[in-house]
Amino acid sequence: MTNVRAAGKAHRTERLALIVLRGASGFFIVSIALLIGYLAVEGTKLFTVDHKSIFEFLFSPTFAPDQGHIGALAFILGSLFVTAFAIAVGGPFGVAVGVFFAELAPKRVASAMKPAIEVLVGIPSVVYGWLGLTLLVPLIRNTTGSTGFGLLAAGIVLSLMILPTVVSLSEDAMRVVPDSLREGSLALGATRWETIWRVLLPAASSGIGVAVILGIARAIGETLAIQLVLGNAPVIPAGLLSPASALTSEIVMDMGGAAQGSLLQHSLFSMAFLLLLIAMGLIVLVKLVARKAA
Amino acid sequence: MSRTALAALLLGAALAAPAVASADTSLTAAGSTALLPLVKASAEAYQNQHNDLKISVTGGGSRVGITQVAAKAVDLGMSDILAKGYPDLVDHRVCVVGFSVLTHPGINVKNVSKKQLQDIFAGKITNWKDVGGADVKIVVINRPRSSGTRAVFTQTIMGDVPVSETGLTEDATGTVITAVRTTPGAISYAAFSGTKKFEGGHYTTVEGIAELSIDNVAPSEENVQTGKYPIWSYEHIYTNGVANKDESRFLAFIQSNSAIIHQLGYILFRDMKVNETDR
Amino acid sequence: MAQAVAVSETRERKAANSARGRRAVDRLATGALWAMALFVVLLLALFVCYMFYLGAGSISWHFLTGLPSELTAGGGVGPEIFNSFYILILTLLMTVPIALAAGIFLQEYSRTGLFRETVQFSAESLATVPSIVMGLFGLLVFVQTLRWGFSALAGAVTLTLLNLPALMRVTQEALAGVPATYREASMALGGTKWQTIVRAVLPSAVGPMTTGIVLISGRIFGETAALIYTAGTSVAHGNGAYDFNPFHTAETLAVHLWYTHSEALIPDVDRIGNGSALVLLVMVLIFNVVARVVGRQLTVRLTGKG
Amino acid sequence: MQVTVPTEKRSLDKMKIEDMNVYYGAFQAIKHGSLDVPENKVMALIGPSGCGKSTFLRALNRMHDLTPGARVTGKITLDGQDIYADDVDPVTVRHRIGMVFQRPNPFPKSIFENVVYGPKIHGENNQKKLMEICERSLRSAALWDEVKDRLNRSALDLSGGQQQRLCIARVLAVEPEVILMDEPASALDPIATSKIEDLIGELKREYTVIIVTHSMQQAARISDFTTFFLLGELIEVGTTSEIFTRPKDKRTEDYITGRYG
């Protein structure tokens, strides 16, 4: 009964399929390896070819490659400031809303509100930037008398942008806490809030940690939403209301005009490489936090 | 399976096709936003009259123009400055453009000296009352390093004095004007093609901004032609190597269309009474 | 005796007091959480309403289909909308097969082992690469080194790299959601692994995968930073505005929103910007709705269950 | 431990299992199991839950190949051919040895597509032939009269009992030689169960059936031979009447009389 020809054909298909599938998977390894390799080579030329000091790059605030100054401190600090602001505002807010969805929201409320939050993820960052530019910047300008551009505007825009990430991941983290803990605490006479605060949040802490770290990852790589409202002054900002630059916004401002092999181009590559290292560092951190939980 | 095959095919085609595609009659230009209006308008006019070329024009800044034409990412690189250190690039000069120093209108200053201008942009003078104007903090708005306008301004006004970076940085001619219009105390620099409009046979400043005279010389077309006003430059379009047939055709079209050049705030070579080396 | 009663009374009162206090805290915290959640949703609603308020006046048939103008007022965004879809389709053509194949490999073939771990880690790393870094990579490699110029293809390949991990994840999750009994049944009938995957497993995974793909399409549609210096910031004019040549520069709607602001030569930049922002927002809303509806429909059609 | 069916009662042996061990990682689920399976008979495997009878069954058509960490040793032959030999394709083994699972698991496709799934993957594309196979298989599974008017309806619309008979029809459609059944009626109501049991009685005319059941009554009703498992070991095998009336082993007797539950 066995149809020998069909079986043979099935086997060839099977082998071919495996080759294709393996190839497609390998594509991921090749892509990231090429990307890292390329950025590592180009991103270190500043130090290997131009013989600039890595300390100058990391710690000098003067960035004027046409005069030989390649200090990226202003951009690094700018990136750190806006990210820290976004996490300080968007983080707790996001976790609170995530807790709300997991523990408090009645089913119908959650099913009405969650799609709304998911829409927030899909809105292009340039639209956030546009809104910041047309709504937030004039608002800040009129209330403070500053130019309106700067860390505050960028920080607020970013807070909003990382919110959905933090909400959905911290909700997931709360949902995996076993019901037995919940029931155990309530049975001992704890109120719902005490149960959340003393039992569930600690139990979900590593998951929430992951949520916050991924929020940071999203914030640090964000480009246009902040480039539009940051003011793009390549200096260390004097305060929340003064214009600033970030690693990403500096790259997008200057990448088109950086001549092949110029000090400017090498500096931009070093910044891109730095961003990549930060992003990968955050991934490793996520893995460590997740492993600690397991 | 068939979908995977299709993708493989597509990728193969993608890698093999650039040679085929470059034979297509399309031109791309990028670079100086001071020159952008002229090239853009010329491209629209050319395509309205002829059907043989697709022309895409985009900004980015002079250095973007030079860098990308050198990398062959675009066919034409527009620039306010000379492309030094690029032996392969061929210069086609199109016209001359003047640059205004523009301010928010609420400062009550009409004229500054060159020294005062230097001090303002160096961050030494920080309030308009110090140059005889209203008590308003000065907000310096710069263009990024890729800007040719910035290069011309630094070359002709600042010399060796470093520019203060603590104010805003705006991408392009257009954004500079918007930012100056909306920011009290703002000062910046931009090409005539952005700061002036041609109406009823003569130029007027666009709404919402003011133009400063320098050492009592107004930023006018005539003062540029005679060399009295200091901030001006030749506008260049670069090709990578000698211009090919399509490029020459379009370049000739731009240069021949003196009506557009004049209307958009640029100055024809034939009207110049000095040349660049006289400065 | 009396003393003991008194003591127990105070203890009870204390307990009662503390319980009242704790209940108050509970109510307060519950209220605060409700308030924060409502605030976020309200913010979103305001956000959307404000965009409609700003942009509604810009939207017209001419705006949606007309050619852009960089110098005079009254331009449209027709070619930009076209380019957004064109680049989206190019990207999906490359992304879906690769991500599907890799997702199948990881989920169905290679459950353990070094190769799997490496692929998984590569995907996670690729997923965190900031889009501007990918844009820089695309500029140097595809635009300049491979000499594709600013082109739809350079943009699409850059977006492919950016979105492969998310699509692979979607595939993996969709496959993980297919009951093991389908695999067992097919294998027990003498199906090979590949036959089992294609005929028994994939049909059930198509619904959730479609939902995922459409949601990611929304992201591709709105991507900007990676496209500015790969697909370019201009469109061809004249009769070439709707341009299928993948080697021609292809500014998308999202890039146009950024570019019109960043060059700001047109007098009605706010009108164009507000209109573009609204179109992008509406597209994202449509993608979200379509994702849910089509995913559910396909699941019903292909698996016969609701 | 070697337990065999008494020679005089045996017909031809369809499958022979010698010294089978199954491991899940470090855990040994089947210990040195040996069994001869006579052709065209129904062999029931009984024992308390967790005794390894399902594990034993799944080893017979190499379903453990799909379980990560599972390992099978020993010799299992079908018509004298070792089904675990290096040059034997597990796909072919499963083609010849079909399996029906505990819970009905139809594909989310139409009734017709479910039945012809096997023939199609084995290369049969002729629509007319597929239709013939479909009707024959559904008739053999005593389902034809109930579904002949709605072959294009989703299989998931059928009742549980119908679904299970559909799964049997689906196995019959690939014309296997041996049918393995893993508690096929455990998820069904009494009426559906009795239909399945009648069907099994029919099936042994053409097929060799090995069935795992948790119900001793069911084993008694439908099987010709019965094997008793306990803690991963084959304790006793014999004709069903022997096992239920004169078990040789004390442990078998204890189970039959209800001492293990």
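Here the structure is a predicted model, which is why all the values come from computation and not from measurement.
One distance of note links CD1 of A/I19 with CZ of C/F105; it measures 11.5 Å at 0.5 Å rounding.
There is no contact between A/T195 and chain C, counting heavy-atom distances below 4.5 Å. Interface residue C/R292: only side-chain heavy atoms are found under 4.5 Å from chain A. The contact between A/L135 and chain C is made by backbone and side chain atoms together, counting heavy-atom distances below 4.5 Å. For A/V167, no part lies under 4.5 angstrom from a heavy atom of chain C. For a residue to count as touching a neighbouring chain, one of its non-hydrogen atoms must lie under 4.5 Å from one of that chain's; by this rule C/D26 touches chain A with backbone and side chain alike. Heavy-atom distances place the side chain of A/I283, and not its backbone, under 4.5 Å from chain C. Contact annotation for A/L163: only side-chain heavy atoms (C-beta onward) come within less than 4.5 Å of a heavy atom of chain C. If you measure heavy-atom distances from C/M283 to chain A, you find no contacts under 4.5 Å at all. The contact between C/F121 and chain A is made entirely by side chain atoms (from C-beta outward), counting heavy-atom distances below 4.5 Å. A/L282 does not touch chain C: none of its heavy atoms, backbone or side chain, sits under 4.5 Å away. Heavy atoms of A/E103 lying under 4.5 Å from chain C are absent altogether.
Using the six-membered ring where Trp is involved, C/F39 and A/F93 have ring planes that are tilted, between 30° and 60° apart.
In terms of heavy-atom proximity, C/L161 sits nearest to A/S31 at CD2-OG, 3.7 Å. The shortest heavy-atom contact between C/V284 and A/P124 is CG2-CD, 3.7 Å. Between A/W130 and C/V269, the shortest heavy-atom contact is CH2-O, 4.0 Å.
Sorted by first and then second residue, the side chain to side chain donor-acceptor pair (under 3.5 Å) pairs involving residues 217-231 of chain A (not counting sequence neighbours) are A/S125-A/E222, A/Q227-B/D171, A/Q227-C/W258.
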### Query
Under the side chain to side chain contact (heavy atoms under 4.5 Å, CB included) criterion, do C/M134 and A/L35 qualify, and how do the steps go?
CA-CA 8 Å; C/M134 203 60 97; A/L35 188 76; 4.0 Å; yes
### Task
Assess whether side chain to side chain contact (heavy atoms under 4.5 Å, CB included) is satisfied between A/E42 and C/L140, documenting all intermediate values.
CA-CA 11 Å; A/E42 296 290 330; C/L140 268 291; 6.0 Å; no
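Residues C/F115 and A/R22 meet the side-chain proximity criterion, which asks for heavy atoms closer than 4.5 Å. Put simply, the side chain of A/V127 does not reach to within 4.5 Å of the side chain of C/L278, judged on heavy atoms. Contact check for A/Q260 versus C/Q144: side-chain heavy atoms found under the 4.5 Å cut-off.
When each of A/L39, A/L18, A/L131 is scored by its heavy-atom pairs under 4.5 Å with chain C, the top score falls to A/L131. Ranked by heavy-atom pairs under 4.5 Å with chain A, the first of C/V25, C/V129, C/L136, C/V133 is C/L136. Ranked by heavy-atom pairs under 4.5 Å with chain C, the list A/G23, A/G221, A/A24 is led by A/A24.
Classification of C/R22 and A/E194 as a salt-bridged pair holds, one side-chain N sitting under 4.0 Å from a carboxylate O.
Taking the six-membered ring wherever Trp is involved, the centroid distance between the rings of C/F47 and A/Y128 falls below 6.0 Å.
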